[in-house]
Novice: 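Here's a structure for you.
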Amino acid sequence: MSISMEPQTTISSISISLLSLPPPSPSLSSNTSNFNAHFSHLNSLLISSPKTLKNPKKSQNALNFLSTSLSIDLNLPNPPTKIQFQPKGHPQNYNFALKNLSVVERALIGACAGGSAGAFTYFCLHPLDTVKTMLQTKGASQIYKNTLDVVVKTFQSKGILGFYSGISAVIVGSAASSAVYFGTCEFGKSFLSKFDEYPPVLIPPTAGAMGNIVSSAIMVPKELITQRMQAGAKGRSWEVLLNILEKDGVLGLYAGYSATLLRNLPAGVLSYSSFEYLKAAVLAKKLKSKLDPLESVLCGALAGAISSSLTTPLDVVKTRLMTQVSGAMYSGVTETVKQILKEEGWVGFTRGMGPRVVHSACFSALGYFAFETARVAISEQYLKHKDDKVTVIASAGEP
C-alpha cells in the first residue's frame, strides 16, 4: 500500500513544484477546502502568466511562423495579423469578395469597363462598318460590284481617311452607349439573380434586352450621324448634327429608332446570351473564375457571328431609313420592307451580310475581350482599394 502511494506522492510533488503551488499538508490532504485553494491558485497563475513572460520574442516568433506565407509573399518584417486582399495570389478571396459586391457596384464596374471597351472596339472596326453601310445604301448595287469594289473605290477617292468618316461621333457615342449597355446588363444580371424563382437560363437574355432598350436612346443618334457621313453627307460630325436638327428637329435624330430596336433587341439577346452561355460552359468545364484572353476572343466571335447572320434583314431596313435624306421615300418600317421586296426581292434583305458577319464577329471578339479584360482589372483594383480602406480603418481603431 505504501509502495503504491509513493509514486503518486512523487508525481504530485513534481507537478505542484512546476506550477509553484504550496506543498500540501498531510493533515489537510483530504480536505475539500484545500483542493479549492489549489484550484484558485492555479487559475490566478494561468491568468497572470502572459503578463510575466520572460521572453516576449518567443511569442512574436510563433506569430511570424503562423504568418510565414504572408511574410514571404509581401517581404514584410512584421506582417499584419489581418490578411490583405490579393486578387491574383488568392483567387478564393477574390471570388468571395466579388460575389459580395452590391448591385450598384457591379453596374458601375460594368459601365466603366463597357465604356472603355466600346470606344476601343468601334475605333478598330469602323472601316468595316463604313464598307457595310456603303453596300446597304440605296443604289449601291448600281455603283459597287462587291465588297472589294467598295474598298478600292473608297481608297482611290478619299484615301485611308475615307474609311473613318464620322469617327468622332463614333468614339463619343460608342463609349456612352457601351457604358450604358454593359452597365445595364450587369445591373440586370445582379438584380435578377437575387430572385430564386427566376429561371437562371433566362437571366442573360433578359439582361441583354434591358441593356439594348436603355442604350438605344444614345446609340440611335450616334449611328444616324455616322451613317449620314458614311453615305456622303458633307461636313464634320457636329455640322451634320446641326443640319439634322435644323431640318427635322430633335425627332430627326431618332429616325429609324423603331427599326433599331427591332434589330438590336434580337441581336442583343442573341449576342449577349450566346456569349454568357459559352462563357459559363468554358468556366464550368475548366473549373475557373474568369476567361483567358483567347477564350474571350473565341466566345465573342462565335456569339457575334450567330447574332449578325440572323439579324441582317433588320439591319438593312434600319440602314435604309437612316440614310434617306429629307423628303423621305420611306415612311416607316412596313413601307421600307415593301419597297425593298418590290425593287430587289428577298435578296435585298441580305445586302452586306458578308461584311456584317465579319464585322460583327470581329467586333464581338474585340468587344467582349476588351470588356472582360477591363472588368476583371477594374474589379481587382476596386476590391483591393476597398480592402485597403477597411484595413486602414481597422488599424486606426486599434489602441
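None of the values given here were measured: they were computed from a predicted structure. In this chain, residues are counted from 1 in sequence order. The figures here come from the full heavy-atom set of this structure, side chains too, leaving out hydrogens, waters and symmetry mates.
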Novice: Would you find a donor on one side and an acceptor on the other, under 3.5 Å apart, between the side chain of S116 and the backbone of C112?
Specialist: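 Yes; judged by distance alone, with no hydrogens or angles, the pair exists.
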Novice: Please find the pair of heavy atoms, one from N212 and one from G268, that lie closest to each other, and give the distance.
Specialist: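 In terms of heavy atoms, the two residues are closest at ND2-CA, 3.2 Å.
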Novice: At their closest point, which heavy atom of A117 faces which heavy atom of F371, and how far apart are they?
Specialist: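 Nearest heavy atoms, A117 then F371: CB-N, 3.5 Å.
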Novice: Is there a donor-acceptor pair under 3.5 Å between the side chain of T154 and the backbone N or O of V151?
Specialist: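 Looks like no, no N/O pair under 3.5 Å.
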Novice: I need the L383 CG to I109 CD1 distance, nearest 0.5 Å.
Specialist: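 The CD1 atom of I109 is 6.0 Å from CG of L383, to the nearest 0.5 Å.
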Novice: Once rounded to the nearest 0.5 Å, what's the spacing between atom CG of L253 and atom CD1 of I244?
Specialist: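 It is 6.0 Å, given to the nearest 0.5 Å.
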Novice: Check whether any side-chain N or O of S360 sits under 3.5 Å from a backbone N or O of G304 as a donor-acceptor pair, and report yes or no.
Specialist: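 Judged by distance alone, yes, a pair lies under 3.5 Å.
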Novice: Can you name the nearest heavy-atom pair linking V282 to C299, along with the distance?
Specialist: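 Looking at all heavy atoms of both residues, the shortest contact is CG2-SG, 4.1 Å.
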Novice: Is there a donor-acceptor pair closer than 3.5 Å between any side-chain N or O of S190 and the backbone N or O of F187?
Specialist: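 Checking the backbone N and O of F187 against the side chain of S190, no donor-acceptor pair under 3.5 Å is found.
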Novice: Are the side chain of R356 and the backbone of S308 linked by a donor-acceptor contact shorter than 3.5 Å?
Specialist: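 Such a contact is found between R356 side chain and S308 backbone.
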Novice: Using a 3.5 Å distance criterion without hydrogens, assess whether the side chain of S273 forms a donor-acceptor pair with backbone atoms of L270.
Specialist: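 Judged by distance alone, no pair lies under 3.5 Å.
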Novice: Can you list every salt bridge (charged side-chain N to carboxylate O under 4.0 Å, His left out) pair that touches residues 264-283, not counting sequence neighbours?
Specialist: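 Qualifying pairs: K189-E276, K279-E372.
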Novice: Show which residues join W238 in its hydrophobic cluster (side-chain heavy-atom contacts under 4.5 Å, direct or indirect), or state none.
Specialist: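 Its cluster mates, by chain and number, are L242.
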Novice: Are the side chain of N146 and the backbone N or O of L148 linked by a donor-acceptor pair below 3.5 Å?
Specialist: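 Here the side-chain-to-backbone pair exists.
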Novice: Under 3.5 Å, side chain of T350 to main-chain N/O of V347, donor-acceptor pair present?
Specialist: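 Answer holds: yes.
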Novice: Any side-chain to backbone donor/acceptor pair from S216 onto I213? Under 3.5 Å, distance only.
Specialist: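 Flag not set: sc S216 to bb I213 has no pair under 3.5 Å.
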Novice: Are more than 12 heavy atoms, taken from residues, nucleotides or ligands other than K338, located less than 6.0 Å from that residue's NZ atom?
Specialist: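 Not more than 12 within 6.0 Å, no.
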Novice: Are more than 12 heavy atoms from other residues, nucleotides or ligands located less than 6.0 Å from atom OH of Y164?
Specialist: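 Yes, because the 6.0 Å sphere around OH of Y164 holds more than 12 heavy atoms from other groups.
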Novice: Mind listing the closest non-hydrogen atom pair of Y181 and G208 along with its distance?
Specialist: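 Closest pair (atom of Y181, atom of G208, distance): CE1-O, 4.0 Å.
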Novice: Is the count of non-hydrogen atoms from other residues, nucleotides or ligands lying under 6.0 Å from F155 atom CZ greater than 12?
Specialist: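 12 or below, so no.
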Novice: Do Y122 and S178 get their side chains close enough for a donor-acceptor pair, meaning under 3.5 Å?
Specialist: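 The criterion, which ignores hydrogens and geometry beyond distance, is not satisfied for S178 and Y122.
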Novice: If only atom types and distance count, is the side chain of S102 paired as donor or acceptor with the main-chain N or O of E105 below 3.5 Å?
Specialist: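 Side chain of S102 to backbone of E105, a donor-acceptor pair under 3.5 Å: yes, one is there.
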Novice: What pair of heavy atoms forms the shortest contact from T130 to F163, and how long is it?
Specialist: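 The answer is OG1-O, 3.0 Å.
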Novice: Where does the angle between the aromatic ring planes of Y368 and F182 fall among parallel (under 30°), tilted (30 to 60°) and perpendicular (over 60°)?
Specialist: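 The arrangement is perpendicular - the two ring planes meet at more than 60°.
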Novice: For F123, does the CZ atom have more than 12 heavy-atom neighbours from other residues, nucleotides or ligands under 6.0 Å away?
Specialist: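 At most 12 heavy atoms, drawn from other residues, nucleotides or ligands, come within 6.0 Å of this atom.
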Novice: Given salt bridge (Lys or Arg N to Asp or Glu O under 4.0 Å), test R320 with E344 step by step and report yes or no.
Specialist: CA-CA 13 Å; R320 293 292 175 89; E344 305 175 48; 2.8 Å; yes
Novice: Can a donor-acceptor pair be found between the side chains of E335 and Q339 at a distance below 3.5 Å?
Specialist: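 On atom types as modelled, these side chains do not qualify, holding no pair under 3.5 Å.
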Novice: Determine the minimum heavy-atom distance between S271 and S364, stating which atoms define it.
Specialist: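 It is OG-OG, 4.0 Å.
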